[in-house]
Amino acid sequence: MTDLDLVLGDVRRGMVPAHIYNDEEIFRLEKERLFSRAWLFVGHESEIPQAGDYVVRRVLDDSFILSRGEDGQVRALFNMCLHRGMQVCRAEMGNASHFRCPYHGWSYRNDGRIVGLPFHKDAYGGEAGFKRKGQTLLPAPSLDTYNGLIFLSMDPDAPPLREYLGDFTFFLDYYTRQSSSGIELRGPQRWRVKANWKIGAENFAGDMYHTPQTHTSVVEIGLFREPKAEKRKDGNTYWAGNGGGTTYKLPHGTLEEKLRYVGYPDVMIEKMKEQWSQDQLDVIGRDGFMISAASIFPNMSFVHNWPRVEDSDDVLPFISIRTWQPVGPDETEVLSWFAVDAEAPEEFKALSYKAYLMCFGSTGMFEQDDVENWVSLTNTAAGTMARRLLLNSRMGLLEDGTEVVPPLTREQYAGPGEAHVGYGEYNQRHLLNRWADLLERPAEKVSQVEVSGVPADRAEAGA
Amino acid sequence: MSLDTAPTGPKAAEERVGAKPTGNGGRYSAQSRLGGHAPRTERTGRALPFDDPRHLQAHQWMVEEAYILDAQNYEDWLDLLTEDIHYIMPVRVTTALTAGFDSAPHMAHFDENKYSLSRRVARFLTEHAWTEDPPSRLRHHVTNVRTFATPNEGEIVVDTAVLLYRSRGDVREASVISAGREDLLRRGGEGWQLARRTILVDDSVLRTQNLAVFL
Ligand code: FES
Ligand SMILES: [Fe+2]
């Protein structure tokens, strides 16, 4: 039996009980208390650009149709027929004006409203028996977007997404708003790994420390201009709002030179200068930091890097967005998308896609070695010995809690939140502290929706 | 109808006009934004008889390649590939029967040319490609070989089915990847070389930790 208070207390002082990476009981609590509340990324508006376009995405065990109605609005509809609960849409993507349930033929418009109910009169006596009017597929409790990124929350009282993200939006813009058109998102590649979902989120949030070791091979084969993987320690790790990430330190030069250094063409740089605030531009131009990997609590991550994609000295940047979708305590479905600015030149889009495939995703040469580690870690955390081991996740802190290096000052870093140069596990602690905050709070009761219900005292349910 | 005159499969008519994916090939390479350099040669006619020398050579080539991939002799494998190779593995998605597509638009698992494949191979040759150290135990099972002529004397199209069994460590379940492949083989100075490969994996969600393997 796990003593939850003890586990959360340990986590909060930066000592991580190893079994939380593979524990049925913890996973049950995560489902009940964390994934029932947090905002979770499910897709991007560019995946469903036309009226009638849809994709089907899951939030843990719940399937939702993300559909763009004839009115242009994006909705998330619980993929369960209001009649006897059949899955309404069994394709993963497509375009449809209606969804017809294969079981008894009820049909729904792409905004969720019921339109067809065979034999309504004969079977139910019409509206007197079953109120067809106003019935819709159950919408997700909360839906909100930022820069076209669609998030769902299972909590009907979730705070507005903008508030939840907080100052992390400052960094989100680097990934998803390089021009006024924002990104187009392609994919996702989907694959299941026998690893706990938290490990990837923690790694992308702030694990600069693993790069020199885990990713030696990609440096050795000349994929990067930087000759040494340990270059990373000159970058900073920042946390702002509900997310954080890592950066690389760029060589001296102007803003334009720095953006060119990572491979952006001038036409894109001009648009960035229009889109981003002075502070956003200063983090790159003045302070010399370029965003790399990042995570938003709980399970969404980003990566931005700039490998060589041909046998030449030129590099080209790419962006990937992904979620670590929990399947079980020891299994995660990775959904990894490629993102690119919608206004980027076509050739840039093609080569950026190539850069992505070479580095991240199901075949990515970075990702391959990451996942190998995380699968082994999860495997090793399953037994009783892991329950005796508290891992030190305090990198960057002395025993008395003072920081090994002070945070960057406003003169050194124009971004929000707090940033430190060098190795540290600041962000892993931020993530797990939020995790602890949610795991501590018992879940609220959920309200139910009755499909053309009747008051309890009138229900004469004959056989 | 005797076997000799029967079409080679239910979709043979469409294969001839190349209108629809065959379960192996299709237009994936031509549609890829990274496929601009790729050869466009298509099959003609029905599958060659099994005693046609070209079929026998193609079959032997496929089996030899499978052994090279099992042994992870990737430098030897690179030698089997032409300089203009396009090696593509689309991301399969579940779509309605009438949707007209079965893969994620403009997204693949592999979408490679010789350079990117050579980087992947170079990485395995470093001593720091942890995902394959210790190496997986691999077995490529290659079957259902059909060979087709093309308008070009020195090129043939070969369909195969491949089942890859990949086992790592001792406690993890092995992963299995099933796929259909359509290959374009070109005759060069040293025999046949692979000029285009389309891998149609049969899963929309892969059940393997990564694709640090080739199919
Ligand atoms: S369950 Fe959908 S129509 Fe009956
Ligand atoms: Fe990594």
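Throughout, a chain's letter reflects where its sequence line sits, starting with A, and its residues are numbered from 1.
Ranked by heavy-atom pairs under 4.5 Å with chain A, the list B:Ser116, B:Ala99, B:Ser175 is led by B:Ser116. Between chain B and the residues A:Asp369, A:Val371, A:Ile221, the most heavy-atom pairs under 4.5 angstrom are made by A:Asp369. Your options are A:Arg90, A:Glu346, A:Gln189, and the one with the most heavy-atom pairs under 4.5 Å with chain B is A:Gln189. Between chain B and the residues A:Pro188, A:Gly187, A:Gly94, the most heavy-atom pairs under 4.5 angstrom are made by A:Gly187. Annotation: maximal heavy-atom pairing with chain A below 4.5 Å, among B:Gly100, B:Ser103, B:Ala108, B:Ala96, occurs at B:Ala108. Here A:Ser362 is the residue among A:Ala350, A:Ser376, A:Gly222, A:Ser362 with the most heavy-atom pairs under 4.5 Å with chain B. Of the listed residues (A:Thr214, A:Leu223, A:Leu351, A:Val218), the greatest number of heavy-atom pairs within a distance under 4.5 Å of chain B belongs to A:Thr214.
Between A:Asp313 and A:Arg308 a salt bridge is recorded (basic side-chain N to carboxylate O distance below 4.0 Å). With respect to the salt-bridge test (charged N to carboxylate O, under 4.0 angstrom), the residues B:Glu132 and B:Arg123 do not qualify.
Heavy atoms from other residues, nucleotides or ligands lying under 6.0 Å from OH of B:Tyr165 number 12 at most. With a 6.0 Å radius and a threshold of 12 heavy atoms from other residues, nucleotides or ligands, A:His210 has its NE2 atom above the threshold. Annotation for B:Glu75: atom CD does not count as buried by contact number, only 12 or fewer foreign heavy atoms lying within 6.0 Å. Within a 6.0 Å radius of CD in A:Glu310, other residues, nucleotides and ligands contribute more than 12 heavy atoms. Heavy-atom contacts from other residues, nucleotides or ligands closer than 6.0 Å to CZ of B:Arg139 number 12 or fewer.
The backbone N or O of B:Pro134 lies less than 3.5 Å from a partner atom in the side chain of B:Arg168, making a donor-acceptor pair. In this structure, A:Glu367 contributes its side chain and A:Gly361 its backbone to a donor-acceptor pair below 3.5 Å. Counting only distance, with no hydrogens or angles, the side chain of A:Ser352 and the backbone of A:Lys349 share no donor-acceptor pair below 3.5 Å.
For the pair A:Leu377 and A:Tyr21, the minimum side-chain heavy-atom distance is below 4.5 Å.
Proximity to chain B (any heavy atom under 4.5 Å) is shown, for A:Val56, by neither the backbone nor the side chain. For B:Val91, the part lying near chain A is the side chain, with the backbone staying farther off; criterion is any non-hydrogen pair under 4.5 Å. For A:Lys354, the parts sitting under 4.5 Å from any heavy atom of chain B are the backbone and the side chain alike. If you measure heavy-atom distances from A:Asp311 to chain B, the contacts under 4.5 Å come from both the backbone and the side chain. No part of A:Glu47 comes within reach of chain B, as not one of its non-hydrogen atoms sits under 4.5 angstrom from that chain.
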B:Leu78 and B:Tyr74: CA distance, side-chain angles, deciding distance, side-chain contact (heavy atoms from CB on, under 4.5 Å) verdict: CA-CA 6 Å; B:Leu78 271 188; B:Tyr74 292 135; 6.0 Å; no
Derivation of the side-chain contact (heavy atoms from CB on, under 4.5 Å) call for B:Val158 and B:Val145: CA-CA 7 Å; B:Val158 189; B:Val145 185; 3.8 Å; yes
Full working for side-chain contact (heavy atoms from CB on, under 4.5 Å) between B:Leu81 and B:Lys114: CA-CA 8 Å; B:Leu81 315 180; B:Lys114 188 83 181 252; 4.3 Å; yes
side-chain contact (heavy atoms from CB on, under 4.5 Å) between A:Trp374 and A:Val193, worked out: CA-CA 9 Å; A:Trp374 305 343; A:Val193 301; 6.0 Å; no
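By a heavy-atom distance cut of under 4.5 Å, B:Ser204, B:Val205, B:Leu206, B:Arg207, B:Thr208, B:Gln209, B:Asn210, B:Leu211, B:Ala212 are the residues of residues 203-215 of chain B near chain A, going up by number. Near-neighbour residues of residues 326-342 of chain A relative to chain B, defined by a heavy atom under 4.5 Å from a heavy atom of that chain, comprise A:Glu333, A:Phe338.
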